[in-house]
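Reminder, nothing fancy here: chain letters follow the sequence lines and each chain counts from 1. Quick note: numbers below take in every heavy atom, side chains included, and nothing from hydrogens, waters or symmetry partners.
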Amino acid sequence: MIVKPDVFWLGLVASQGKLVRVCLSYSEESTRENLGIKRSEKASTSSLLQSLRWDLADYWKGKRVDFSKYSLELASYSSFSKKVWAQTRLIPYGEVRSYKWVAERIGSKGFQAVGKALGNNPFPIIVPCHRVIKEDGELGGFSSGLGIKRKLLKIEGFLND
DNA sequence: ATAGTTGTACCGA
DNA sequence: TCGGTACAACTAT
């Protein structure tokens, strides 16, 4: 399913009651390409996606939405990545932590590897990798574009404007 | 084996 | 404060 809650597009894929992938992008085309969703496909009737869609709409309005009820399809990922994402999901709405904090919490010194795992995050927003920034307060990177990271942090009230 | 990360710390100017 | 650089753990090739 593809929705456009703001200036960017959001592609959502679910299967068997679990979220498989989320894609954030500035263009509808790249979202479709990324997820392999054809224009001809009908809107999903999956209740999971319907629910997620409303939650995301609320989220964009600035409502404090809790995405932790959604289960993720993680079978094909490394245990390190799973740990990083699980830890990242624990960061509360509107707060941020550093890559180092995440690494320490999962018993690793590889803070840069944390960045890499977050870069591979298949569930942006649901796994709030935008809440992970550098130790010195800089934003760090974001695979879907730093502008989107900034936007998300603004929605959550962490950044102004 | 090697190169490339969404990083951190330390040093010198 | 800024730039260079050494280093860290992990992934992908």
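By the 4.5 Å side-chain criterion applied to Ile, Leu, Val, Met, Phe, Trp and Tyr, Trp54(A) is assigned to no cluster and stands alone. Connectivity analysis of hydrophobic side chains (ILVMFWY, heavy atoms under 4.5 Å, direct or indirect) links Leu90(A) to nothing; its cluster partners are none.
Non-hydrogen atoms lying under 4.0 Å from DNA chain C are contributed by nothing in residues 135-149 of chain A.
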Could I get a table of every N or O pair under 3.5 Å where one atom is in the protein and the other is in nucleotides 10-13 of chain B?
none

Would you be so kind as to tabulate the donor-acceptor pairs closer than 3.5 Å made by side chains of residues 66-75 of chain A, with sequence neighbours excluded?
{"unit_1": "Asp66(A)", "atom_1": "OD1", "unit_2": "Ser68(A)", "atom_2": "N", "d": "2.9"}
{"unit_1": "Asp66(A)", "atom_1": "OD1", "unit_2": "Ser68(A)", "atom_2": "OG", "d": "2.8"}
{"unit_1": "Asp66(A)", "atom_1": "OD2", "unit_2": "Ser68(A)", "atom_2": "OG", "d": "3.0"}
{"unit_1": "Lys69(A)", "atom_1": "NZ", "unit_2": "Asp55(A)", "atom_2": "OD2", "d": "3.4"}
{"unit_1": "Tyr70(A)", "atom_1": "OH", "unit_2": "Ser51(A)", "atom_2": "O", "d": "3.3"}
{"unit_1": "Tyr70(A)", "atom_1": "OH", "unit_2": "Ser51(A)", "atom_2": "OG", "d": "2.8"}
{"unit_1": "Tyr70(A)", "atom_1": "OH", "unit_2": "Leu52(A)", "atom_2": "N", "d": "3.1"}
{"unit_1": "Tyr70(A)", "atom_1": "OH", "unit_2": "Asp55(A)", "atom_2": "OD2", "d": "2.7"}
{"unit_1": "Glu73(A)", "atom_1": "OE2", "unit_2": "Ala75(A)", "atom_2": "N", "d": "3.2"}

Please tabulate, one pair per line, all N/O donor-acceptor pairs under 3.5 Å involving side-chain atoms of residues 134-145 of chain A, not counting sequence neighbours.
{"unit_1": "Glu135(A)", "atom_1": "OE1", "unit_2": "Ser98(A)", "atom_2": "OG", "d": "2.8"}
{"unit_1": "Asp136(A)", "atom_1": "OD1", "unit_2": "Glu138(A)", "atom_2": "N", "d": "3.0"}

Using atom types as modelled, flag every donor-acceptor pair under 3.5 Å from a side chain in residues 109-124 of chain A to any protein atom, sequence neighbours excluded.
{"unit_1": "Asn121(A)", "atom_1": "OD1", "unit_2": "Phe123(A)", "atom_2": "N", "d": "2.8"}
{"unit_1": "Asn121(A)", "atom_1": "ND2", "unit_2": "Val127(A)", "atom_2": "O", "d": "3.1"}

Taking only distance into account, with no hydrogens and no angle test, what donor-acceptor pairs under 3.5 Å do side-chain atoms of residues 8-18 of chain A form with protein atoms, sequence neighbours excluded?
none

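In terms of the side-chain hydrogen bond (donor to acceptor under 3.5 Å, both in side chains) criterion, Arg89(A) has no residue partners (sequence neighbours excluded). Take Lys61(A) and apply the side-chain contact (heavy atoms from CB on, under 4.5 Å) test, not counting sequence neighbours, and it matches Asp58(A).
A continuous path of Ile, Leu, Val, Met, Phe, Trp and Tyr side chains, each step under 4.5 Å between heavy atoms, connects Tyr93(A) with Ile126(A), placing both in one hydrophobic cluster. In the hydrophobic cluster analysis, where Ile, Leu, Val, Met, Phe, Trp and Tyr join through side-chain heavy atoms closer than 4.5 angstrom, Val65(A) is grouped together with Trp85(A).
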Under 4.0 Å protein heavy-atom contact, by nucleotide of nucleotides 7-13 of chain C - B base, S sugar-phosphate only: -BBSB--

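For Lys4(A) (side chain) and Asp6(A) (main-chain N/O), a donor-acceptor pair under 3.5 Å exists by modelled atom type.
Rounded to an integer number of Å, the gap from CD of Gln87(A) to P of dT6(B) is 20 Å. In this structure, Arg150(A) atom CZ and dT6(B) atom C1' are separated by 13 Å, rounded to whole Å. Counting to the nearest Å, the P atom of dT8(B) and the CG atom of Leu118(A) are 11 Å from each other.
Using a 4.0 Å cut-off between charged side-chain N and carboxylate O, Glu29(A) and Arg39(A) make a salt bridge.
Taken together, the paired segments of DNA chain B that extend over three or more consecutive Watson-Crick or G-U pairs, each closer than 3.5 Å at both contacts, are B:1-5 with C:9-13, B:7-13 with C:1-7.
Taking CG from Leu24(A) and NE2 from His130(A), the interatomic distance works out to 9.5 Å, rounded to the nearest 0.5 Å.
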